[in-house]
Structure formats: structure tokens, C-alpha cells
Amino acid sequence: MEKEIGKLKKEKGAVILAHNYQLPEIQDMADFIGDSLELARKSAEIKCKLLVFCGVKFMAETAKILSPEKKVLLPEIDAGCPLADMAQPEKVMEFKEKHPDAWIVSYVNTSAEVKAVTDVCCTSANADRVVQNVPVKKVIFLPDKNLCGYVRKRVPEKEILCWDGYCYVHDRFTEYEVRKAREIHPDAEILVHPECRQEVQELADGIYSTSGILRRARETESRKLIIGTEEGMIYRLKKENPEKEFYSLGAPKICYNMKKITLKSLKTALAEEKYEITLPEEIMTKARLSLERMIEYI
Ligand code: 13P
Ligand code: SF4
């Protein structure tokens, strides 16, 4: 399967991008693996006609918006993000009408339609810096309430209104799991993602995006790390730091949409050039402004 994928990739001049949560065998086939911000940047920079995005739909849409000239494929068309589905453009506009002086800051985990009504996007790697830089005092932050709480703490000078959304994967980490992990591994460093609940964030040693977790794991003196994010990260962490020990915080938490793409669907995607991401021109143009503003702000 791997050989066939390699052959098709070469024939078609395709580039494969994969998110850090993808299955190990998909990560091994990728030209580039990263977090949402790194993948968005890479998709815009890379020179190719065909981009196969192994991640979830909002990520492939972001790639298409930033490089509309490329053919962008998502091997499993129903690999969505339930967090992104928690904000609909009409509801966002209704909320904005009540707070006309506020700017809308949207996490990239949103649909292209929501990005189109957004002032500036952010990712978990730059959310605090983006909010710091908006030229108004009041911000509507969506859709993740936990990431919103993380930003509120770091940017106290802004008035931040949080949307009531959450990621079902990260929201499952509990305070009990952090306390128990400390008890069992008192010598370990505990790193969590900002989509985890506030009480989990407060008990952890560090809060980072997936690329931040990778960087911290590389740089820290600690030999043992406990990771509070989607379990797919453990594969890359172990591969890049074979001398260190990594554990999932509590029971491993899985994002089922991230695991939909298999070697079989990746091969079919390349062979049949499916599923192509297409978006209305008007939506893309508006959404691009909020993504480009993010890149300009950080
Ligand atoms: P990162 O940008 O940290 O990779 O997060 C993406 C995501 O979907 C987290 O659940
Ligand atoms: Fe969405 Fe959560 Fe899955 Fe990330 S881990 S893609 S936020 S459901």
C-alpha cells in the first residue's frame, strides 16, 4: 500500500500534509506533519498542483482558501470537527448584532462560512497574541470556551465574550486524571492542550498547542512526560524523542474524525483525485481576509 501511494504521489506531483493526530501510518506517508497553524502556512507556501490533506475538513478548507489555485483533496469527506459545527454563521451574526463594537476572533476550527463573517482567525498556537493585537477592546471569541478561558487569563486588558463550544475529546480530561498522574509519576512533566478544561489547565505544568507540546518535549530536561491531548501525538513524540518516556493523561482520548483516513482511503484519494474541496468564491474571498489578518498579526 505504501509503495503504491508513493508511486501515485510521484506520478501526480502531489504533496501530502498530515495533522499531528493522524494515524501513525498516515504520518509516515506525509511530506509534512504539523499543527493547524503550521499546516495552514505550509499549504500556502508549498509549490504543487495537488495537495492531499490528511486531517479534518476545516483544515482542508483553510488550505483551499489560502491557495485556491491548488486542487485540495480530503481523503474522507465526512471527517469533520464537532467543535467547528458548534458555531453557525447566522448565530455568530446574531451575537455580533448584540455587540456591534466587538471584533469576532474565530479559532480556525470553524467552517469557511464562519470564517467569512470573522474579523480575524487564530489557532491554539497564537490565540493570545492575536487577541492582544486586535484594535478594539471587546472581542467575541469562538467556538471553544476552554481556549477562550486560556486567552482571557493571558489578555486581561480585553473584554472577551466566550462562545459556548467545546471539543468533546479535550473536554473529557479531568482534574482527577491530572492528580492521579502526579501521584503515580511525581517526576513527570504534565503538558496539556488549551482545549482542556480550566481546572485541568491549572493543574498542568504547561499548556501548549500540539506543535508547542512537541517543542517543549524536545527542549525540557524531564525524561518523562504526560500528555493531555489527542492520543495521536504520542506516536510522533516517541518517534522524535526515543530516549524519553511518554504517557497519555488518563485513558487515551481519541478524535474519531482524525482517525477516519486510512492508507486505503489515502490511496483511493490519490488515484481518483477525491474528495475535492470546493467553496463558493465569495466565501473564500471573505474567509481569506480573516486568515491573512491572522498571519499579519503574529
Ligand atoms: P493544534 O492547532 O494545536 O494542532 O490543534 C488542532 C486541533 O484540532 C486540536 O484539537
Ligand atoms: Fe475537532 Fe477536537 Fe477533533 Fe480537534 S480533537 S479535530 S477540536 S474534535
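Counting begins at 1 with the first residue of the sequence.
Looking only at side-chain heavy atoms (C-beta outward), L237 and L225 stay at 4.5 Å or farther from each other. Looking at V178 and L249, their side chains come closer than 4.5 Å, going by heavy atoms from C-beta outward. Under the 4.5 Å side-chain criterion, counting only non-hydrogen atoms from C-beta, H185 is in contact with I226. Counting only heavy atoms from C-beta outward, the side chains of E157 and Q132 approach each other to under 4.5 Å. Between R129 and N126, the closest side-chain pair of non-hydrogen atoms falls below 4.5 Å. The shortest side-chain heavy-atom distance between M59 and F53 falls under the 4.5 Å cut-off. You'll find the side chain of H19 stays beyond 4.5 Å of the side chain of V56, heavy atoms only. At a threshold of 4.5 Å between non-hydrogen side-chain atoms, the residues Y21 and M233 count as touching.
In this structure, the separation between CD1 on I5 and NZ on K3 is 13.0 Å, given to the nearest 0.5 Å. From Y275, atom OH reaches atom CG of L73 across 11.0 Å, with rounding to the nearest 0.5 Å. Atom-to-atom distance recorded for E159:CD and K138:NZ is 5.0 Å, nearest 0.5 angstrom. In this structure, CD in E69 is found 10.0 Å from CG in L51, a value given to the nearest 0.5 Å. For the atom pair CG of L191 and CD1 of I213, the computed distance is 6.0 Å after rounding to the nearest 0.5 Å. Atoms CD and SG, from E175 and C196 in turn, are 12.5 Å apart once rounded to the nearest 0.5 Å.
Salt-bridge annotation for E281 and K286: absent, with no side-chain N of the basic residue lying under 4.0 Å from a carboxylate O of the acidic one. Salt bridge present: E183 and K180 bring a charged side-chain N and a carboxylate O closer than 4.0 Å. By the 4.0 Å N-to-carboxylate-O rule, K98 lies too far from E94 to be salt-bridged with it. Taking the charged nitrogens against the carboxylate oxygens, K267 and E4 do have a contact shorter than 4.0 Å, which makes a salt bridge. Between R41 and E45 there is no salt bridge, since none of the side-chain N atoms of the basic residue sits less than 4.0 Å from a carboxylate O of the acidic one. Between K71 and E273, at least one side-chain nitrogen of the basic residue sits less than 4.0 Å from a carboxylate oxygen of the acidic one, meeting the salt-bridge criterion.
T262 places a side-chain N or O within 3.5 Å of a backbone atom of S265 that can act as its donor or acceptor partner. In this structure a side-chain-to-backbone donor-acceptor pair under 3.5 Å is missing from E272 to A269. Between the side chain of R179 and the main chain of L203, no donor-acceptor pair closer than 3.5 Å is present. Within the 3.5 Å criterion, the main-chain N or O of V134 finds a donor-acceptor partner in the side chain of K158. Judged by distance alone, with hydrogens and angles left aside, the side-chain atoms of R172 form no donor-acceptor pair with the main-chain N or O of Y168 at under 3.5 Å. Counting only distance, with no hydrogens or angles, the side chain of T110 and the backbone of S106 share no donor-acceptor pair below 3.5 Å. Remark: side-chain polar atoms of K244 are not paired, donor with acceptor, to backbone N or O of P242 under 3.5 angstrom. Listed for the Q88 side chain is no donor-acceptor partner under 3.5 Å among the backbone atoms of E90. No side-chain donor-acceptor contact under 3.5 Å links R197 to the backbone of N146. Looking at K64, its side chain never comes within 3.5 Å of a backbone N or O of T278 through a donor-acceptor pair.
When every heavy atom of I227 is checked against every heavy atom of F173, the shortest pair comes out as O-CE2, 4.5 Å. Closest heavy-atom contact between A112 and I65: CB-CD1, 3.9 Å. Closest approach of D31 and A14 over heavy atoms only: OD2-O, 4.3 Å. Closest heavy-atom contact between S209 and P194: N-CD, 4.2 Å.
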For V52 and L266, what are the C-alpha separation, side-chain angles and deciding distance, and is it a side chain to side chain contact (heavy atoms under 4.5 Å, CB included)?
CA-CA 8 Å; V52 187; L266 175 56; 3.7 Å; yes
Go through K264 and E76 one step at a time and tell me if the salt bridge (Lys or Arg N to Asp or Glu O under 4.0 Å) criterion holds.
CA-CA 11 Å; K264 188 163 178 257; E76 293 286 347; over 6 Å; no
How far apart are the C-alpha atoms of C54 and L17, what are their side-chain angles, what is the distance that settles it, and do they pass the side chain to side chain contact (heavy atoms under 4.5 Å, CB included) test?
CA-CA 6 Å; C54 298; L17 301 185; over 6 Å; no
Step-by-step salt bridge (Lys or Arg N to Asp or Glu O under 4.0 Å) determination, D205 to R182
CA-CA 11 Å; D205 297 309; R182 280 242 189 268; 2.9 Å; yes
Evaluate D35 against S211 for side chain to side chain donor-acceptor pair (under 3.5 Å), listing each step before the verdict.
CA-CA 6 Å; D35 73 353; S211 59; 2.6 Å; yes
Apply the test side chain to side chain contact (heavy atoms under 4.5 Å, CB included) to residues E61 and L279: give CA-CA distance (whole Å), side-chain angles for both, the deciding distance (0.1 Å), then the verdict.
CA-CA 8 Å; E61 283 183 351; L279 290 161; 4.0 Å; yes
Between L50 and K70, does a side chain to side chain contact (heavy atoms under 4.5 Å, CB included) hold up when you go through it step by step?
CA-CA 6 Å; L50 189 63; K70 289 175 192 144; over 6 Å; no
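Each of R216, K224, R223 was checked for a salt bridge (charged side-chain N to carboxylate O under 4.0 Å, His left out) with E189, and the lone residue meeting it is R216. Remark: of the listed residues V151, V130, T118, L147, L147 is the sole one forming a side chain to side chain contact (heavy atoms under 4.5 Å, CB included) with Y107.
Residues that satisfy the salt bridge (Lys or Arg N to Asp or Glu O under 4.0 Å) test with E97, not counting sequence neighbours, are absent from this structure. Among residues two or more places apart in sequence or in another chain, the salt bridge (Lys or Arg N to Asp or Glu O under 4.0 Å) test is passed with D128 by none.
You'll find the ring centres of Y208 and H193 outside the 6.0 Å limit.
Hydrophobic cluster membership differs between I33 and L37, with clusters built from Ile, Leu, Val, Met, Phe, Trp and Tyr side chains linked at under 4.5 angstrom. Linking ILVMFWY side-chain heavy atoms closer than 4.5 Å, directly or via other members, places L74 and I283 in two distinct hydrophobic clusters. A continuous path of hydrophobic side-chain contacts links Y256 to V169 [ILVMFWY only; heavy atoms under 4.5 Å].
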Give every donor-acceptor pair under 3.5 Å between a side-chain atom in residues 289-298 and any protein atom, sequence neighbours left out.
{"residue": "S290", "atom": "OG", "partner": "K115", "partner atom": "O", "Å": "3.1"}
{"residue": "S290", "atom": "OG", "partner": "A287", "partner atom": "O", "Å": "2.8"}
{"residue": "R293", "atom": "NH1", "partner": "D119", "partner atom": "O", "Å": "2.7"}

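Side-chain atoms of T229 and H170 include a donor-acceptor pair closer than 3.5 Å.
For residues 231-241, the set of pairs meeting the side-chain hydrogen bond (donor to acceptor under 3.5 Å, both in side chains) definition, not counting sequence neighbours, comprises N20-R236, D28-Y235, D28-K239, E231-K259, R236-E240. Applying the disulfide (SG to SG under 2.5 Å) test to residues at least two apart or on different chains, the pairs with a partner in residues 119-168 are C148-C162.
Here V114 is tied into one hydrophobic group with V92, M93, F95, I104, V117, I140, L142, L161, W163, each link being a pair of ILVMFWY side chains closer than 4.5 Å.
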